[in-house]
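Encoded as structure tokens, the structure appears first; notes follow it.
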Amino acid sequence: MQAWRVHRNGEPGEVMRLEETDRPTPGDGQVLVEVRAANVNFPDALLCRGQYQVRPPLPFTPGLEVCGTTEDGRRVLANPVLPHGGFADCIVADEAALLPAPDALDDAEAAALHVGYQTGWFGLHRRAHLQSGETLLVHAAAGGVGSAAVQLGKAAGAKVIGVVGGPDKAAVARELGCDLVIDRRSEDIVAAVKEATGGRGADVVYDPVGGDAYTKSTKCIAFEGRILLIGFASGVIPTPALNHALVKNYSVVGLHWGLYNTKDPAAVRACHEELTKLAEQGIVKPLISERVAMADTADAVQRVADGTSTGRIVVLPGGAR
């Protein structure tokens, strides 16, 4: 079969190589899954760079989530067991962790409903306890993770403010349903949020960026607000001034969605059932900006790493719909 493999750490466009390799062999409790669509995530770039919290042995195949077909014909969502990641014709996955692919979504959309939307749902509802009528500020709102948070925030009845970089991404964020879009390149985030909220600030901040985005969030967070840390796509991990959180009475909340797979797998399944209902009702629908062929995978991962993409880029090895 074909698989993209990384033999040394570095930038995705430089270290990913498409190779012929043997199919992975399932172990106890695992199944072989034929990949129909593999979603590109920012952590795929971190894997290539050797900067992700999980560091598989070299060589490995990146790709953290797929929609595929089991040998008995089930259409499923799966998280591949590294080092045999999703940018390949076949993967192995834990049988117990498989989720049924929603019929309302095609393969590319289904692949993108998994990690990003689970992260958004757990973050907004389990960690930040977002309430209807509150104001949600989403950084990188036109990206894969941010676009999911925008849709889930609107579904929860929140007023959603999206922060983006550039007019093209601003247009995408508006189409997603943001009530207000702030272009961080030309507008003052803090002033715009305060103006839009009558000086109160945002009740919940969804931050997959870190760095300067986090710093600005602390300056426009509401009384009893919650800053939700999802990741650090900027490459800068902030060092919070905890005295500021104390005197301003806000919370800094972390989320590592992968822990739920081991700590509370029943919650993951319940979340998937809720997301499936929302997809069936047309309330959420992953924003797929590009569907690329297997040969273009490394370029796609590099563009996500560089922050030039919008929504989700999905790799279609073959047989997808």
* **side chain to side chain donor-acceptor pair (under 3.5 Å) assessment of Thr308 paired with Asp306** => CA-CA 6 Å; Thr308 59; Asp306 294 339; 5.4 Å; no

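- In plain terms, the two heavy atoms of Val66 and Gly86 that are nearest each other are CG1-CA, 3.6 Å.
- A salt bridge links Asp264 with Arg126; the closest basic N to acidic carboxylate O contact falls under 4.0 Å.
- Under a hydrophobic-cluster definition in which Ile, Leu, Val, Met, Phe, Trp and Tyr are linked whenever side-chain heavy atoms come within less than 4.5 Å, directly or via other members, Leu113 and Leu176 are assigned to the same cluster.
- Note on Arg269 versus Glu274: no salt bridge recorded, every NZ/NE/NH1/NH2 to OD/OE distance being 4.0 Å or above.
- Atom OG of Ser251 is separated from atom CG of Asn249 by 7.5 Å, given to the nearest 0.5 angstrom.
- For the pair Val31 and Leu98, the minimum side-chain heavy-atom distance is below 4.5 Å.
- Partners of Tyr52 according to the ring pair (Phe, Tyr, Trp, His ring centres under 6.0 Å) rule, which considers only residues two or more places apart in sequence or in another chain, do not exist here.
- Judged by distance alone, the side chains of Thr297 and Trp4 do bring a donor and an acceptor atom under 3.5 Å apart.
- No continuous path of ILVMFWY side-chain contacts below 4.5 Å connects Leu124 to Val209, so the two sit in separate hydrophobic clusters.
- From Asp89, atom CG reaches atom CD of Glu34 across 7.5 Å, with rounding to the nearest 0.5 Å.
- Taking the ring pair (Phe, Tyr, Trp, His ring centres under 6.0 Å) definition, one finds that Tyr250 meets it with His244, sequence neighbours left out.
- In terms of heavy-atom proximity, Ala141 sits nearest to Ala173 at CB-CB, 4.4 Å.
- By the 4.5 Å heavy-atom criterion applied to side chains, Leu136 and Lys159 are not counted as neighbours.
- Taking hydrophobic clusters as Ile, Leu, Val, Met, Phe, Trp and Tyr residues chained together by side-chain heavy-atom distances below 4.5 Å, Val301 shares a cluster with Met294.
- For the pair Phe87/Asp44, a side-chain contact is recorded, criterion being any heavy-atom separation below 4.5 Å from C-beta on.
- Note on residues 213-232: pairs passing salt bridge (Lys or Arg N to Asp or Glu O under 4.0 Å), not counting sequence neighbours, are Glu134-Arg226, Asp212-Lys216.
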* **Audit row: Ile227, Tyr206, side chain to side chain contact (heavy atoms under 4.5 Å, CB included) steps and yes/no** => CA-CA 7 Å; Ile227 299 177; Tyr206 196 84; over 6 Å; no

* **Derivation and outcome, side chain to side chain contact (heavy atoms under 4.5 Å, CB included), residues Thr69 and Val35** => CA-CA 7 Å; Thr69 307; Val35 178; over 6 Å; no

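- When side chains are defined from C-beta on, Pro286 counts as touching Leu105, because their heavy atoms get closer than 4.5 Å.
- Listed by chain and number, the residues in a side-chain contact (heavy atoms from CB on, under 4.5 Å) with His7 are Arg5, Arg17, Glu19, Pro59 (sequence neighbours excluded).
- The distance from the NE2 atom of His114 to the SG atom of Cys271 is 8.5 Å, given to the nearest 0.5 Å.
- The side-chain heavy atoms of Gln131 and Val204, taken from C-beta on, include no pair separated by under 4.5 Å.
- Residue Val164 comes nearest to Ala142 through the heavy atom pair CG1-N, 4.0 Å, listed as atom of the first residue, atom of the second, then distance.
- There is a side-chain donor-acceptor pair under 3.5 Å between Asn39 and Glu65.
- Residues in residues 189-201 take part in these side chain to side chain donor-acceptor pair (under 3.5 Å) pairs, two or more places apart or across chains: Arg200-Asp203.
- Checked by atom type and distance alone, the side chain of Asp207 never pairs as donor or acceptor with a backbone atom of Leu229 at under 3.5 Å.
- Note that the CG atom of Asp94 and the CG atom of Asn261 stand 9.0 Å from one another [nearest 0.5 Å].
- For the atom pair CG of Leu137 and CG of Leu228, the computed distance is 11.5 Å after rounding to the nearest 0.5 Å.
- A donor-acceptor pair is defined here as one N or O able to donate and one able to accept, closer than 3.5 Å; no such pair exists between the side chain of Asn41 and the backbone of Pro43.
- Scanning all heavy atoms of the two residues, the minimum distance from Cys67 to Ala111 falls at N-CB, 3.7 Å.
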* **Stepwise side chain to side chain donor-acceptor pair (under 3.5 Å) test for Tyr117 and Gln151** => CA-CA 9 Å; Tyr117 279 84; Gln151 292 183 359; 2.7 Å; yes

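- Note: the hydrophobic cluster containing Val6 also contains Val315 (ILVMFWY, side chain heavy atoms under 4.5 Å, direct or indirect links).
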* Let me see the working for Val160 and Val138 under side chain to side chain contact (heavy atoms under 4.5 Å, CB included), right down to the final yes or no. => CA-CA 7 Å; Val160 180; Val138 179; 4.1 Å; yes

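- Partners of Arg55 according to the side chain to side chain donor-acceptor pair (under 3.5 Å) rule, which considers only residues two or more places apart in sequence or in another chain, do not exist here.
- Closest non-hydrogen pair, Gly210 versus Ser234, comes out as C-OG, 3.6 Å.
- With sequence neighbours left out, the ring pair (Phe, Tyr, Trp, His ring centres under 6.0 Å) criterion links Trp121 to His125.
- Other residues, nucleotides and ligands contribute more than 12 heavy atoms inside 6.0 Å of the CG atom of Asp72.
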* Carefully, step by step, assess Glu11 and Gln302 under the rule side chain to side chain donor-acceptor pair (under 3.5 Å). => CA-CA 7 Å; Glu11 286 301 299; Gln302 187 63 59; 3.0 Å; yes

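- For Arg184, the side-chain contact (heavy atoms from CB on, under 4.5 Å) partners two or more places apart in sequence, or in a different chain, are Val163, Ile189.
- Applying the side-chain contact (heavy atoms from CB on, under 4.5 Å) criterion to Val304, with sequence neighbours excluded, gives Val40, Phe42, Ser309, Ile313.
- Taking 4.5 Å as the limit, some side-chain heavy atom of Val253 sits within range of a side-chain heavy atom of Arg127.
- Side-chain heavy atoms closer than 4.5 Å link hydrophobic residues (I, L, V, M, F, W, Y) into clusters, and following such links, even through other members, never connects Val54 to Phe232.
- Residues in residues 279-290 take part in these side chain to side chain donor-acceptor pair (under 3.5 Å) pairs, two or more places apart or across chains: Glu109-Lys285, Glu290-Arg303.
- Put simply, the side chain of His256 never gets that close to the backbone of Ile230: no donor and acceptor are under 3.5 Å apart.
- Grouping Ile, Leu, Val, Met, Phe, Trp and Tyr residues whose side-chain heavy atoms lie under 4.5 Å apart, directly or via other members, places Val81 in a hydrophobic cluster with Leu32, Val92.
- Between Val193 and Leu180, the closest side-chain pair of non-hydrogen atoms is not below 4.5 Å.
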* side chain to side chain contact (heavy atoms under 4.5 Å, CB included) evaluation trace for Asn9 with Arg49 -> CA-CA 5 Å; Asn9 293 127; Arg49 294 168 177 166; 5.8 Å; no

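- Nearest heavy atom pair, residue Ile221 against residue Ala202, reads CD1-O, 3.2 Å.
- Qualifying side chain to side chain donor-acceptor pair (under 3.5 Å) partners for Asp179, counting only residues two or more places apart in sequence or in other chains: Lys154.
- Thr119 has its side chain within reach of Leu255: a pair of non-hydrogen atoms, C-beta onward, lies under 4.5 Å apart.
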